[in-house]
There are 2 protein chains.
Amino acid sequence: MQAAVKPEIAVSAHDRVYRGLRTRIMHGQIGPGEALTLRGLGREFGVSMTPAREAVNRLVAEGALQMSSSGRVSTPEPSNERIEELAELRALLEVELASRALPRAHIALIDRLQTINGAIADVVSNRDAVGYIRTNLEFHRTLYLRAQAPAMLAMAETVWLQLGPTMRALYGRLRRTEAPQYHRLIIAALKAGDEPGLRLAVRTDVTQGLRMLAG
Amino acid sequence: MQAAVKPEIAVSAHDRVYRGLRTRIMHGQIGPGEALTLRGLGREFGVSMTPAREAVNRLVAEGALQMSSSGRVSTPEPSNERIEELAELRALLEVELASRALPRAHIALIDRLQTINGAIADVVSNRDAVGYIRTNLEFHRTLYLRAQAPAMLAMAETVWLQLGPTMRALYGRLRRTEAPQYHRLIIAALKAGDEPGLRLAVRTDVTQGLRMLAG
DNA sequence: TGGCACCATCTGTGATCACGAATCCGCAGC
DNA sequence: GCTGCGGATTCGTGATCACAGATGGTGCCA
């Protein structure tokens, strides 16, 4: 939850496993309900069970993984109510983050956002689900970094993490043919300095896809 | 982050340590900047280093503890900017939670809140800082449980956790002579079904003390 | 053919240990 | 008296191991 914001120089074994697993989950490279084992992760990352367990426990604490009563670990399959709640949480946090970023959004940032948006169009045309999720999150993160609100951003990333496996399933169900239109609305609102428009565009961009999945 | 919402029957060693440390931090029984050691915690809870380290790592991930580059663990001393950001986060989340609890708040809940508010008056007159923090959080949690939004409540509790050591320092600085007046405003707004009033009362209750400390 | 019990295997848990690094305390030198 | 230095101590990290419980597959019985 914290490591995402401050990169840290620490490169301990459990950190490698944690980071690797975290991005894998957040980018939707692991489907919902998939099982993981400590020994398997240890082998995969070339470490023993101890750091693997630490990484897994941390991700369980963040809600990115769930643990059965017997200690078995798997990616969660959230209920529709939970998905909808997480989407509301995204809206709540990200609207605030965008709103705080607005007064600091100069032209260089907007250019960068437009570049990322172009990259999204590329991965979409390739039907690359993981690439789409990664680039989409990069768009949002780039904007929110300007808000200078690390704790808030960390919370938003925790929500992304919990939605990772679901987003992948969502992408498969959505017939997506172009870059998200709401990103263009976000950029337009940033250019115009239009705060109400920005809040609405972010909220819509964040909730529309997930609401379709949950409903 | 999750364990707070679903009590779980699991009573593993690292869970005992985690829960014990967590409530101790959240209730302000540990001052800011205080150091902890794995071996010390292990001795204290009667377990070895392994479960102690798991509990500590989890709390570090939640921002309740900080870890130096050499792995030393201590409670964080947040900067004023961070305190203010966490207060804003509390406002954002708790206003939403209260607003969602409002339509479900029947008379039994309001009675319970009034009882808790009475208990706050007691601990305040005893100058019992830990008791004050605990009872105050119980007031908020009781209300928010009605929102039926577990993920949102878990996030709010994570923020409380991060503010735990600071709240203790705050209490010592504040010359508090009576139960918080804004709690009475919250109860009044609940009785009247007045949503804007409720939102304002919660926001004020949550931010006033911390803003005083940070500012 | 379908269901059930049993056993081999796999899984997480926690204690212990060796290792390297950081910290702390006291002592000597200025 | 104060600062800088060196060694003893303490610290976190990660590997290994024994153990208990769950899991899953196989063969037997109805």
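All values reported here derive from a predicted model rather than from experimental measurement.
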Nearest atoms (heavy-atom pairs only) where Ile186(B) meets Ala201(B)
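The pair with the smallest heavy-atom distance is CG1-CB, 3.8 Å.
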Restricting to non-hydrogen atoms, name the atom on Asn117(A) and the atom on His183(A) that form the minimum distance, rounded to 0.1 Å.
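Answer, listing the atom of Asn117(A) first, then His183(A): OD1-ND1, 3.1 Å.
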Considering only NZ, NE, NH1 and NH2 on the basic side and carboxylate oxygens on the acidic side, decide whether Arg100(B) and Glu96(B) come within less than 4.0 Å.
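So Arg100(B) pairs with Glu96(B) through a salt bridge.
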Does a salt bridge link Glu94(A) with Arg203(A), judged by any charged N lying under 4.0 Å from a carboxylate O?
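No salt bridge links Glu94(A) with Arg203(A).
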Member of Arg58(A), Arg53(A), Glu54(A) meeting the side chain to side chain donor-acceptor pair (under 3.5 Å) criterion with Asn57(B)
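Answer to the side chain to side chain donor-acceptor pair (under 3.5 Å) test with Asn57(B) among Arg58(A), Arg53(A), Glu54(A): Glu54(A).
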What N/O pairs connect the protein and nucleotides 22-24 of chain C at under 3.5 Å? Give each pair on its own line.
none

Nearest 0.5 Å, what's the CZ-CG distance between Arg146(B) and Leu109(B)?
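These two atoms lie 5.0 Å from each other.
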Roughly how far, to the nearest 0.5 Å, is CD of Glu44(B) from CZ of Arg39(B)?
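Nearest 0.5 Å value for the CZ-CD distance: 16.0 Å.
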Chain B on DNA chain D: first and last contacting nucleotide, 5' to 3', under 4.0 Å to a heavy atom?
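Range of nucleotides touched by chain B: dC11(D) to dG14(D).
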Atom pair distance, as rounded to whole Å: [atom1] in [X] and [atom2] in [N]:
X	N	atom1	atom2	answer
Leu41(B)	dG14(C)	CG	P	15 Å
Leu36(A)	dC10(C)	CG	C1'	15 Å
Asn57(A)	dG12(C)	CG	P	10 Å
Arg53(B)	dC17(C)	CZ	P	16 Å

Counting heavy atoms from C-beta on, name the nucleotide in dG12(C), dC17(C), dG14(C) closest to the side chain of Met49(B).
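The nucleotide sitting nearest to the side chain is dC17(C).
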Answer with yes or no whether Arg39(A) presents, from its side chain, a donor or acceptor under 3.5 Å of a partner atom in the base of dG12(C).
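A donor-acceptor contact between them is present.
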How would you label the contact of Thr50(B) with the nucleic acid (heavy atoms, under 4.0 Å): base, sugar-phosphate, or nothing?
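Thr50(B): base contact, heavy atoms under 4.0 Å.
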Arg22(A) and Glu157(A): CA distance, side-chain angles, deciding distance, salt bridge (charged side-chain N to carboxylate O under 4.0 Å, His left out) verdict
CA-CA 11 Å; Arg22(A) 183 181 204 270; Glu157(A) 294 206 19; 3.5 Å; yes
